[in-house]
Amino acid sequence: MTPRITIDEAGKHAGETVQIAGWLYNLRRSGKIAFPILRDGHGLMQCVAVKSSLPEELFETVKNLTQESSIIVTGKVRAEQRAPGGYEMDLEGLEVVQRVTEADPYPITPKDHGTEFLMDHRHLWLRSQRQHAIIRVRHAVIKAVRDYFDSHGFTLVDTPIFTPAACEGTTTLFEVDYFDDNKAYLTQSGQLYNEATAMAFGKTYCFGPTFRAEKSKTRRHLTEFWMVEPEMAYAGLEDVKRVAEEMLVYIVGHVLETRAEELKRLERDVAKLEAIQAPFARMSYDEAIRILQAKGSEIQWGSDFGGADETLLTEDQKGPLMVDRFPASFKAFYFEPAPDNPDVVLGVDVLAPEGYGEIIGGGQRIYDLDLLLKRIEDHKLPKEAFDWYIDLRKYGAVPHGGFGMGIERCVAWICGLEHIRETIAFPRMLYRLRP
RNA sequence: UCCUCAGUAGCUCAAUGGUAGAGCAUUCGGCUGUUAACCGAAGGGUUGUAGGUUCGAGUCCUACCUGAGGAGCCA
């Protein structure tokens, strides 16, 4: 029986007759020779069908194949400079699994298409070379994230998606019915639960989908996105910054090592990724405000950065920039105040270079019971909803901290994409719920 | 939610207020090394929807719908 291989293995089978199962990517033909190009999810393989050396019926079948028809081809693999990928198959046999009809041809042609059309056909768009490369980089990013935490003493403890109330009380939540007359909300962060798991396991991380019902309509926002959130007991702001830095360096290194081909297809300038090395630039919020004002920004102390401010701050940076010690006024209730200045908190944002903006936000959490109670009251949050969270400050409270990283923003940066929507198979955005 | 821009063939786009067109895709024909193959021919339209101005509207005006980019907010 003919061995079945995938296209990425073709180099190991030069000179052998093998079988490949896939889909017709493109077909060029003249009267007596045809070049069907097969796609199998691992690569592209150009096949050669010569009329004079094949049964007439088989040549006719090949000549009349339609784009994206599913086929299983048999033939001899041969090194060939002229073929994309460097190998070519001399076709000997072909089985059509399902033929796409002429009456209803594959909608995505090798020509240009607009965003709306491609998004409406996202389920098919994923077959294209560019989308394939992006999703493969995403996989590598996720694997690197898991490998990093798994090999640094973190335990994976995933947090719930249904939550009883706001984690942070600020952003808008998706509300769902939860039996009888109860309401549940889709999680916007696993952090508060992570603080509990860190007290049980020392170092933990969760990795899962996150939901934000904000009506944001920009190239950096999804309503459903994936976030990795580590949390560490007996840790302070400097520990959080060190882990974030190590993790990012590890992720970029892993992608460079394992996805060079994909980055090339995306025309990513890898020199910019190779420059991502520790230590990252660090500055305080105070310093950032001085720099922004010197560069002509209207920003005043006490306001969060706008998108333009983030770009101004990072334009001179080769790597990510860490900004810490933010005013307490616009940060969430749980941040630990700086011991030397109660107006600022021990939070840190990591801004990606090249204008990609904030990819990580985190910091040190409050562990003093009275201070936490005061902050909950100041933020006018319902104390009852936080009873279990408050418990953590009664039973062996310790300094602790962590951060959250948006996977899609990280992938968009590493791939050098214009828009975050291409970094997830089926993006959920304001006004976009299909397919 | 606000601001800006766009909507014409299956797709990407053209068309001074005066007969709606091209490339790709599809169908038919040709071509033995193609690289988004090429050459010839054919079919394909309620110009987003509803009103209005005008002798005449794809084009001008109003409202709505859909989409894109940005703002605010955030990862």
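Convention: sequence-line order gives letters A, B, ...; per-chain numbering from 1.
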Close side-chain approach of A/Lys264 to A/Glu261, heavy-atom, < 4.5 Å: no
Side-chain contact, heavy-atom cut-off 4.5 Å: A/Tyr185 with A/Val176? no
Indicate, with a heavy-atom threshold strictly under 4.0 Å, whether [X] touches base, sugar-phosphate, or nothing.
X: A/Met405; value: nothing
X: A/Ile360; value: sugar-phosphate
X: A/Glu88; value: base
X: A/Gln46; value: base
X: A/Thr210; value: nothing
X: A/Tyr106; value: nothing
X: A/Asp349; value: nothing
X: A/His121; value: nothing

What's the gap between [N] and [M] when it is taken at their [atom1] atoms, as a whole Å value?
N: B/rC39; M: B/rG58; atom1: P; answer: 34 Å
N: B/rG48; M: B/rU16; atom1: P; answer: 16 Å
N: B/rU47; M: B/rA14; atom1: C1'; answer: 13 Å
N: B/rA20; M: B/rG56; atom1: P; answer: 16 Å
N: B/rA41; M: B/rG23; atom1: P; answer: 10 Å
N: B/rU12; M: B/rG67; atom1: C1'; answer: 16 Å
N: B/rU54; M: B/rC64; atom1: P; answer: 24 Å
N: B/rG72; M: B/rU59; atom1: C1'; answer: 36 Å

Return the polar atom pairs (N/O with N/O) between nucleotides 8-14 of chain B and the protein under 3.5 Å, or none.
unit_1 : atom_1 : unit_2   : atom_2 : d
B/rC11 : O2'    : A/Asp112 : O      : 3.2
B/rC11 : O2'    : A/His113 : ND1    : 2.6
B/rU12 : OP1    : A/Gly114 : N      : 2.8
B/rU12 : O4'    : A/Asp112 : O      : 3.4

Pair assignment for RNA chain B - dot-bracket with | for other-strand partners, Watson-Crick or G-U under 3.5 Å: (((((((..((((....[..)))).(((((.......))))).....(((((..]....))))))))))))....
Looking only at side-chain N and O atoms, does A/Lys51 come under 4.0 Å of OP1 or OP2 in B/rU32? no
If you compare every side-chain N and O of A/Arg421 against the phosphate oxygens of B/rG69 (OP1, OP2), does one of them come in below 4.0 Å? yes
In whole Å, what is the span from the [atom1] atom of [X] to the [atom2] atom of [N]?
X: A/Lys215; N: B/rC3; atom1: NZ; atom2: P; value: 15 Å
X: A/Met119; N: B/rA68; atom1: CE; atom2: P; value: 7 Å
X: A/Leu65; N: B/rU34; atom1: CG; atom2: P; value: 21 Å

Is A/Phe225 stacked on the base of B/rA75 when the test is centres under 5.5 angstrom and planes under 30 degrees? yes
Taking for each residue the nucleotide of RNA chain B bearing the nearest heavy atom, is the 5' side occupied by A/Ser30 or by A/Ala83? A/Ser30
Between B/rC74 and A/Ser216, counting only base atoms on the nucleotide and side-chain atoms on the residue, is there a donor-acceptor pair under 3.5 Å? no
